[in-house]
Amino acid sequence: MNKILRKEQFSENVFLFEIEAPLIAKSRKAGNFIIIRVDKNGERIPLTIADADVNKGTITIVVQRVGLSSQKLCGLNEGDVIADVVGPLGNPTHIENFGTVVCAGGGVGVAPMLPIIRALKAAGNRVLSVIAGRNKDLIILEDEVRVSSDELIIMTDDGSYGEKGVVTVGIETFIKQEHVDKVFAIGPPVMMKFCCMLTQKYNIPTDVSLNTIMVDGTGMCGACRLTIGGKTKFVCIDGPEFDGALVDWDEMLKRMGTFKRAEQEEMEHYEQ
Ligand code: FES
């Protein structure tokens, strides 16, 4: 049982939770994720750890209310408990001093990007961040990202905050401004696909963090399998981060079929 110590509502459907999980807080690294079950019959929800406080023994996650399980989770309040939290899972992000890096986070993808931004900055990189959302209300963790970035571009689809346009516009602004050694992109699959298409044009290696459907999170069930560089990989144990140029995005979008309509809308939006 893990107690919720803090809940914050970022927008209509996006919530931050600070949860008691001292062992995970101590051992997690940027890029690690957890699997949550709200109650003992609950579906398993994989969520990347956005932050941790070793002294308080807490981890922070950001959740978007998209289906029944996340709805149940978002319905919990401070003082409530979560049946189980398993982690840290997955491989940590490969961090080194690459030189100049662009970190692009779309929607709730900004939450898993935050620890990566901090780790890249601590490793001596020049960090140029882009955070994007459909509108001003969906821009999250701006202050936290700004503090750890050398420069920040905010993009909103409707222009209600920052620059008007999609995340790739912000990435390309930085690429045209100066030499970029590496890009990290986290967000909806179609967003990451378009980020990779852009960076391939400029030959810039790009890492993405894949948030597929997961069941056990330990490589046993195969629910998270994907083709990466022509080989079958399990996102939970081989990832969750991969070289975006090697990801079979069409297969990933097909396997995430549950969100087909939303993805179609995103796709049309990015193809404009
Ligand atoms: Fe079961 Fe990855 S979630 S193999």
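Worth knowing before you read on, the calculation uses all heavy atoms, side chains too, and leaves out hydrogens, waters and symmetry mates. One-based numbering, in listed order, for ligands and for the atoms of each.
- Summary of contacts: the protein heavy atom closest to atom 4 (S) of ligand 1 is Gly222 N, 3.2 Å.
- For residue Cys224, an N/O/S atom approaches atom 2 (Fe) of ligand 1 to within less than 2.8 Å.
- Take the N/O/S atoms of Asp216: the one nearest atom 1 (Fe) of ligand 1 is OD1.
- Salt-bridge annotation for Lys3 and Glu20: absent, with no side-chain N of the basic residue lying under 4.0 Å from a carboxylate O of the acidic one.
- Residue contact check: Cys221 has heavy atoms under 4.0 Å from atoms 1 (Fe), 3 (S), 4 (S) of ligand 1.
- Checking side-chain atoms of Asn32 against main-chain N and O of Pro88 turns up no donor-acceptor pair under 3.5 Å.
- Between Asp207 and Lys182 there is a salt bridge, since at least one side-chain N of the basic residue sits less than 4.0 Å from a carboxylate O of the acidic one.
- Which parts of ligand 1 touch Gly219 is read off a 4.0 Å heavy-atom cut-off, strictly below it: atoms 4 (S).
- The contact set between ligand 1 and Cys236, taken as ligand atoms under 4.0 Å from a residue heavy atom, comprises 2 (Fe), 3 (S), 4 (S).
- In summary, the atoms of ligand 1 found under 4.0 Å from a heavy atom of Gly217, numbered by their order in the structure, are 1 (Fe), 3 (S).
- Between Glu172 and Lys201 a salt bridge is recorded (basic side-chain N to carboxylate O distance below 4.0 Å).
- No salt bridge links Asp158 with Lys136; every basic N to acidic carboxylate O contact stays at or beyond 4.0 Å.
- Proximity of Met220 to ligand 1, defined as any heavy-atom pair under 4.0 Å, is confined to the backbone N, CA, C and O atoms.
- With respect to the salt-bridge test (charged N to carboxylate O, under 4.0 angstrom), the residues Asp39 and Lys72 qualify.
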